[in-house]
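Notes for the one structure printed next.
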Amino acid sequence: MQKQPFVGAEKLREIISVYPTPFHLYDEQGIRETAQKLQKCFSWNKGFREYYAVKACPNPFILTLLKQEGCGVDCSSMTELMLAERLGFSGDDIMFSSNQTPAGEYEYARKLGAIINLDDLTHIDYLREHGGIPEKICLRYNPGGELHIGNTCMGQPWDAKFGMTRTQIFEAIRRLKAEGVKQFGLHSLLASNSSDEMYYPTVAKILFKLAREAHEMIGVDFFMINLSGGIGIPYRPQQQEADIELISDDVRRLYKDMLVPAGMDNVMVATELGRYMTGSHGCLVSTVVHEKHIYKEYIGLDACAANLMRPAMYGAYHHITVVGKENMPCDHIYDVVGSLCENNDKFAVDRPLPEVSIGDIMVIHDTGAHGYSMGYNYNGRLRSAEILLHADGTFSLIRRAETPKDYFATFDCFDILSGI
Ligand SMILES: *Cc1c(COP(=O)(O)O)cnc(C)c1O
């Protein structure tokens, strides 16, 4: 099966004639449609809200699109909070799901009225001193053990740094209730890039059960169950998109069976999806600048792992299309690499592709989440531009490429590089 870029060859060439490669390109229509589909599927829940995980694509223009579609934001740092505030998110529009949180960030999040997602029991005292205890708070749960879906082990929560144990959740609720908290939320993130349709229902079951027990044992009210993120996208051509309608139906059934009978029928379901929302709606566009024939065949790009870290960091698969050669046989085997002085700077290893020539344009798929945002400056490589393709075929620059001046900006308090 062919995996096609969301942008055609002709349009790409038009964009490249204005903005040189490399750049990340995003598909406005795709992002809007995904946001609308998610909300439609969860519309059975009054108050359902997606809090887009800002770290996946912290671009103000992308966040504005999602805001227009009714999404809130999930922030975890000062700068993410600042971005949210500047874009007009406030109060319940913001989840603050941080860990090892600096005091100033709690204070700022409280000032914005964000929903605080408390990562640890010890943070109760810390939050009281830095921003104060709100009337409404969310608690992050770590169920420990192993997470199984059917016979598959999905992960080992006991080995993750996030969240509180069951005992701590109950203690936190008791203490916070005594301190005047009126309404609670529960949150858990137990997988990443999960393609299993039972992932969300499994998290929902764990959190619904815990909320019901706390409601019945301690007599507290819950305003939110936050299933967080973790739903995957089909990076590989043979993979299928998650069936969000099916996933939502399963969560709905559990809600009806577990919460409604306990009188908890006004609890909002929230999500903090990042990858699912924008991952497939972005790509990294790059030009072939070199080819090299040694023990293997190498194709050298003008992009590198500094623009997209996932392959180097996780060995992640990103599909590659050679523009204009979509229908040619993939009868050559290449390593597609960047310029870093690091041997893991490879977008693809032993990848069958059509015969590649210098000057070819490559589209590296599915970089719309955890792509640009994981970028870095190793080897003095600069971050690329970001461009948004609109539904009507026009496009606009939504972040310029870095220049050496940006790279040297943190020396601006010294004289040594003046004039660079
Ligand atoms: C990273 C993160 C998400 C989003 O994860 P995806 O895999 O992109 O869906 C959501 N919530 C929290 C707290 C996160 O840290």
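Every number for a ligand or one of its atoms is a count from 1 in the order of the listing.
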Query raised in the report: ring-ring contact (aromatic ring centres under 6.0 Å, His included) between His318 and Tyr235: does it pass, once the steps are laid out?
Result: CA-CA 6 Å; His318 279 263; Tyr235 285 103; 5.1 Å; yes

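Atom CD of Glu245 has 12 or fewer neighbouring heavy atoms from other residues, nucleotides or ligands inside a 6.0 Å radius. A 6.0 Å sphere centred on CD of Gln68 holds more than 12 heavy atoms belonging to other residues, nucleotides or ligands.
Between Arg175 and Glu179 there is no salt bridge, since no side-chain nitrogen of the basic residue lies less than 4.0 Å from a carboxylate oxygen of the acidic one. Between Glu107 and Lys111, none of the side-chain N atoms (NZ, or NE/NH1/NH2) sits under 4.0 Å from a carboxylate O, so this pair counts as no salt bridge. The existence of a salt bridge linking Glu28 and Arg32 is confirmed by a sub-4.0 Å separation between a basic side-chain nitrogen and an acidic carboxylate oxygen.
Between Ser192 and ligand 1, no N or O atom pair is found at a separation short of 3.5 Å. For ligand 1, the polar-atom distance check finds an N/O of Gly274 within less than 3.5 Å of one of the ligand's N/O atoms. Here's the thing with His370: one of its N/O atoms is less than 3.5 angstrom from an N/O atom of ligand 1. Residue Ser97 places no N or O, backbone or side chain, under 3.5 Å from any N or O of ligand 1. Annotation: Glu272 places an N or O atom under 3.5 Å from an N or O atom of ligand 1; distance criterion only. Residue Ser228 places at least one N or O, backbone or side chain, under 3.5 Å from an N or O of ligand 1.
Between Met268 and Gly47, the closest heavy-atom pair is CE-O, 3.2 Å.
Summarising the contacts of atom 5 (O) of ligand 1 with Cys57, Gly279, Ser194, Gly230, the nearest heavy atom is found in Gly230.
With a 4.0 Å cut-off on non-hydrogen atoms, Asn117 does not touch ligand 1 at all.
Annotation for ligand 1: atoms under 4.0 Å from non-hydrogen atoms of Asp74 are 10 (C), 11 (N), 12 (C), 13 (C). Taking every heavy atom of Ala53 and a limit of under 4.0 angstrom, the matching atoms of ligand 1 come to 3 (C), 4 (C), 10 (C). Listed by atom number, the atoms of ligand 1 under 4.0 Å from Gly229 heavy atoms are 9 (O), 10 (C).
With sequence neighbours left out, the salt bridge (Lys or Arg N to Asp or Glu O under 4.0 Å) criterion links Glu85 to no other residue.
At least one heavy atom of Arg140 sits under 4.0 Å from some atom of ligand 1.
Given atom 15 (O) of ligand 1, the protein heavy atom at minimum distance is Lys55 NZ, 2.6 Å.
For the side-chain hydrogen bond (donor to acceptor under 3.5 Å, both in side chains) with Tyr26, the lone residue among His390, Glu386, His281 that qualifies is Glu386.
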